[in-house]
Amino acid sequence: MLYVTKQDYKTIVAYCQQQLPFEACGLLGGRVDGVDGYVKSVLFLTNIDYSETHFSMNPKEQFAAIKDLRSCGFVLLGNFHSHPKTSAEPSKEDRRLANDRGFRYLILSLMDAKPVLRAFYLNEKGRLEEEKLVVV
Ligand SMILES: [Zn+2]
């Protein structure tokens with residue numbers, strides 16, 4: 001199970017809406033307790049592709065963000081990106097690029113008026129599987 005605070009959820013949605021029509025992306029820091037993850041820090045990164053269907057994080061920002069959250073005592077839990085016009089289902093490319101075990105991949109769909117945020121992780125077969133996400 002992955003826990004995200006209401007405040008962080010709102011901030012992620014607001015940031016992704018702000019970046020429209022492009023995909024938005026960022027990193028998630030937090031704590032791990034057994035199989036559960038707790039998002040404690042959200043870091044917003046520039047999508048240097050400026051694309052409606054792809055994203056690449058700015059490597060410099062990525063490096064600084066990881067350093068920043070480690071200095072706060074958090075671990076890198078995963079990342080998030082938005083799908084401006086499609087569902088919160090991992091795309092073919094998302095599946096191809098997902099290769100970090102123990103990493104959470106969050107996708108926010110802005111396709112409909114109501115945003116949909118879903119979390120995925122790599123299972124033993126190396127395939128993305130949904131993890132229950134709870135906004136608390
Ligand atoms: Zn995607």
Side-chain angles (χ1 to χ4, degrees):
M1 204 109 89
L2 182 67
Y3 296 88
V4 181
T5 65
K6 205 172 269 176
Q7 186 53 48
D8 281 339
Y9 171 77
K10 281 186 185 166
T11 323
I12 293 171
V13 170
Y15 178 73
C16 292
Q17 283 173 336
Q18 221 175 66
Q19 302 303 309
L20 288 172
F22 304 127
E23 284 197 9
C25 55
L27 295 174
L28 304 166
R31 299 187 201 287
V32 175
D33 183 12
V35 293
D36 295 330
Y38 297 83
V39 175
K40 300 281 181 192
S41 171
V42 182
L43 298 141
F44 301 99
L45 275 68
T46 308
N47 174 7
I48 54 172
D49 288 344
Y50 296 99
S51 158
E52 298 175 22
T53 49
H54 299 272
F55 77 97
S56 301
M57 294 181 183
N58 177 325
K60 239 182 167 171
E61 285 176 12
Q62 201 172 350
F63 182 76
I66 294 169
K67 217 174 134 185
D68 186 54
L69 63 90
R70 287 205 174 127
S71 73
C72 295
F74 299 137
V75 296
L76 178 61
L77 275 183
N79 67 27
F80 73 88
H81 73 281
S82 65
H83 282 176
K85 286 177 183 158
T86 52
S87 71
E89 197 64 45
S91 67
K92 255 188 202 154
E93 193 185 58
D94 292 337
R95 292 189 183 277
R96 188 172 58 80
L97 296 175
N99 47 28
D100 274 318
R101 287 283 163 102
F103 211 68
R104 266 88 177 182
Y105 297 92
L106 271 61
I107 300 176
L108 177 76
S109 170
L110 296 172
M111 176 174 76
D112 298 316
K114 190 176 161 38
V116 177
L117 182 66
R118 291 171 69 192
F120 300 86
Y121 69 98
L122 276 185
N123 66 16
E124 319 75 58
K125 289 174 188 153
R127 302 194 59 171
L128 282 182
E129 196 174 301
E130 186 159 15
E131 175 176 26
K132 195 169 164 45
L133 185 147
V134 191
V135 178
V136 285

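Keep in mind it's a predicted model, so treat the numbers as computed, not measured. Remember, it's 1-based here, ligands and their atoms both numbered in the order they're listed.
- Scanning for ring-ring contact (aromatic ring centres under 6.0 Å, His included) contacts around Y105 gives F103, with sequence neighbours left out.
- No continuous path of ILVMFWY side-chain contacts below 4.5 Å connects L106 to M1, so the two sit in separate hydrophobic clusters.
- Taking 2.8 Å as the limit, the number of protein N, O or S atoms around the Zn ion (ligand 1) is 4.
- Between the side chains of T46 and E61, at least one donor-acceptor pair of N or O atoms lies under 3.5 Å.
- In this structure, a donor-acceptor pair under 3.5 Å is absent between the side chains of T11 and D8.
- Cluster membership check: Y9 shares its hydrophobic cluster with L77, using side-chain heavy-atom separations under 4.5 Å among Ile, Leu, Val, Met, Phe, Trp and Tyr.
- Clustering ILVMFWY residues whenever any of their side-chain heavy atoms sit less than 4.5 angstrom apart, transitively, puts V13 in the very cluster that holds L28.
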